[in-house]
Amino acid sequence: MKSIILPMYEPKLNTYNVYAALFSIIAKDESYLPWFYSNFISIGINTCDDTLYFTDHFTFFEYGEGLTACPWLEVYKPPHKTIYYQYSFNIKEVLISYLDQNKYIWLYLDQFYIPQSTYYQQMHKEHSVLVYGYDDAAQVFYIADNLDNGKFIKTMISYQQLITAWESDICEHFRRLFRVLHRKQGEYTLNTAHLRNQIEDYLSSKTIHQGIYWDQVPVDGPHAYVQNIKYWIFGHEVYSYTLQLIQQAKRIKGPKVLDTRIPHLLWEHKKCMAERIHYLNLGTYGLAGEYEKVVNHSLTIRNLTIKYNLTKNDRILSELDTRISEVVHTEKNVLRQLVEWL
């Protein structure tokens with residue numbers, strides 16, 4: 001009986017499992033940091049579902065013909081015919097074969113059958129999962145996903161549970177997004193001109209016209225809107241749209257819930273920027289101290305959002321307005337200074 005558990009490192013980002021999975025695979029050492037600090041600057045919100053992403057999203061695993069924007073990641077995209085005619089009904093053997101080659105697997109499962117999921121035995125819901133190991137003796141696969149009320153966790157699922165979750169009809173459309181991932185040796189040199197341009201574009205809310213998912217033929221089905229640029233708002237203008245969502249919540253009568261992923265990703269965005277300032281050795285110019293205020297305010301905004309969802313106290317919405325305005329003002333001032341130093 002065999003058992004293989006591939007390395008999983010501490011992820012830099014975890015709002016969505018696509019980020020957490022990526023860094024869990026590549027963060028073996030600090031060699032990837034120049035690439036990390038040169039990217040993850042621009043953000044965009046899709047107004048169809050009010051979901052906020054780093055604009056690097058979707059360029060890692062799912063879109064593009066097996067391409068990836070990460071120098072430390074190799075992605076194999078099996079042909080659709082292979083997935084649907086060969087993988088559909090022998091997924092256990094397929095996963096074990098790839099894991100034996102020290103390769104991770106990214107696939108969609110029905111969370112109705114995953115015991116650690118909030119949706120377990122409650123609702124059928126497809127979601128992407130990273131498979132990073134197996135144990136024949138225990139008859140389990142090791143998986144990672146944002147299963148614990150949105151928290152990225154590593155856990156186990158029985159062979160039979162995974163088979164059932166994969167074969168669920170709700171995952172039919174998403175089976176074609178099956179990907180095989182492998183960490184490779186990479187290199188990247190931090191380019192301060194590129195970094196400066198990205199920060200300027202973020203502050204000016206410049207539309208991001210270049211990107212793997214804009215360049216592809218639109219995906220049919222549930223994800224088609226993601227690839228239509230007209231539905232997106234970018235950069236600092238995201239805050240204006242977020243304030244609109246809060247105003248909408250104020251006007252709604254009855255139960256209302258704010259999406260905590262928006263403030264959580266904004267907080268992660270600020271943490272990344274603060275780390276970036278230190279990495280560039282610009283902390284001595286007073287920028288780091290000022291930007292820490294942005295980080296702290298952003299954490300407070302995240303926590304207030306969680307508190308509001310628990311209490312439904314409308315006074316919290318007004319406090320969110322104030323805090324967000326403070327973040328926008330302070331961040332603009334600090335990042336404009338940062339651009340001058342770069």
For the aromatic rings, using the six-membered ring if either is Trp, is the centroid distance between [X] and [Y] under 6.0 Å?
X: H124; Y: Y113; result: yes
X: Y120; Y: F112; result: no
X: Y202; Y: H269; result: yes
X: F40; Y: F54; result: yes
X: Y241; Y: W232; result: no
X: F23; Y: Y19; result: no

Which heavy-atom pair separates [X] from [Y] by the least distance, and what is that distance?
X: D50; Y: D259; answer: O-OD2, 4.2 Å
X: S24; Y: F152; answer: OG-CE2, 3.7 Å
X: R261; Y: T51; answer: NH2-OG1, 4.1 Å
X: Y9; Y: P7; answer: OH-CB, 3.4 Å
X: L342; Y: I199; answer: CD1-CD1, 4.0 Å
X: I246; Y: L320; answer: CD1-CB, 3.9 Å

Enclosure of [X] [atom1] (heavy-atom neighbours >12, cutoff 6.0 Å):
X: D169; atom1: CG; value: no
X: Q101; atom1: CD; value: yes
X: E93; atom1: CD; value: yes
X: H194; atom1: NE2; value: yes

Value rounded to 0.5 Å, distance of [atom1] in [X] from [atom2] in [Y]:
X: L181; Y: K103; atom1: CG; atom2: NZ; result: 10.5 Å
X: H329; Y: N333; atom1: NE2; atom2: CG; result: 4.5 Å
X: I91; Y: L107; atom1: CD1; atom2: CG; result: 5.5 Å

Under the 3.5 angstrom rule, does the side chain of [X] hit a backbone N or O of [Y] as a donor-acceptor pair?
X: R183; Y: Y104; value: no
X: T164; Y: Q160; value: yes
X: E126; Y: Q111; value: no
X: K332; Y: V328; value: no
X: Q337; Y: L287; value: no
X: Y188; Y: S38; value: no
X: Q161; Y: P115; value: no
X: R175; Y: E167; value: yes
X: E237; Y: F234; value: no
X: N17; Y: S128; value: yes

Lys/Arg N to Asp/Glu carboxylate O, [X] vs [Y], below 4.0 Å:
X: R323; Y: E319; result: yes
X: D321; Y: K250; result: yes
X: D145; Y: K151; result: no

Which hydrophobic side chains are connected to L310, either touching it within the sub-4.5 Å cutoff or through other members that do? I306
Only pairs at least two apart or in different chains count here, so list each salt bridge (Lys or Arg N to Asp or Glu O under 4.0 Å) that has a residue in residues 292-313. E290-K293
Show your working on side-chain hydrogen bond (donor to acceptor under 3.5 Å, both in side chains) between Q116 and T155 and close with a plain yes or no. CA-CA 8 Å; Q116 295 77 11; T155 186; 3.0 Å; yes
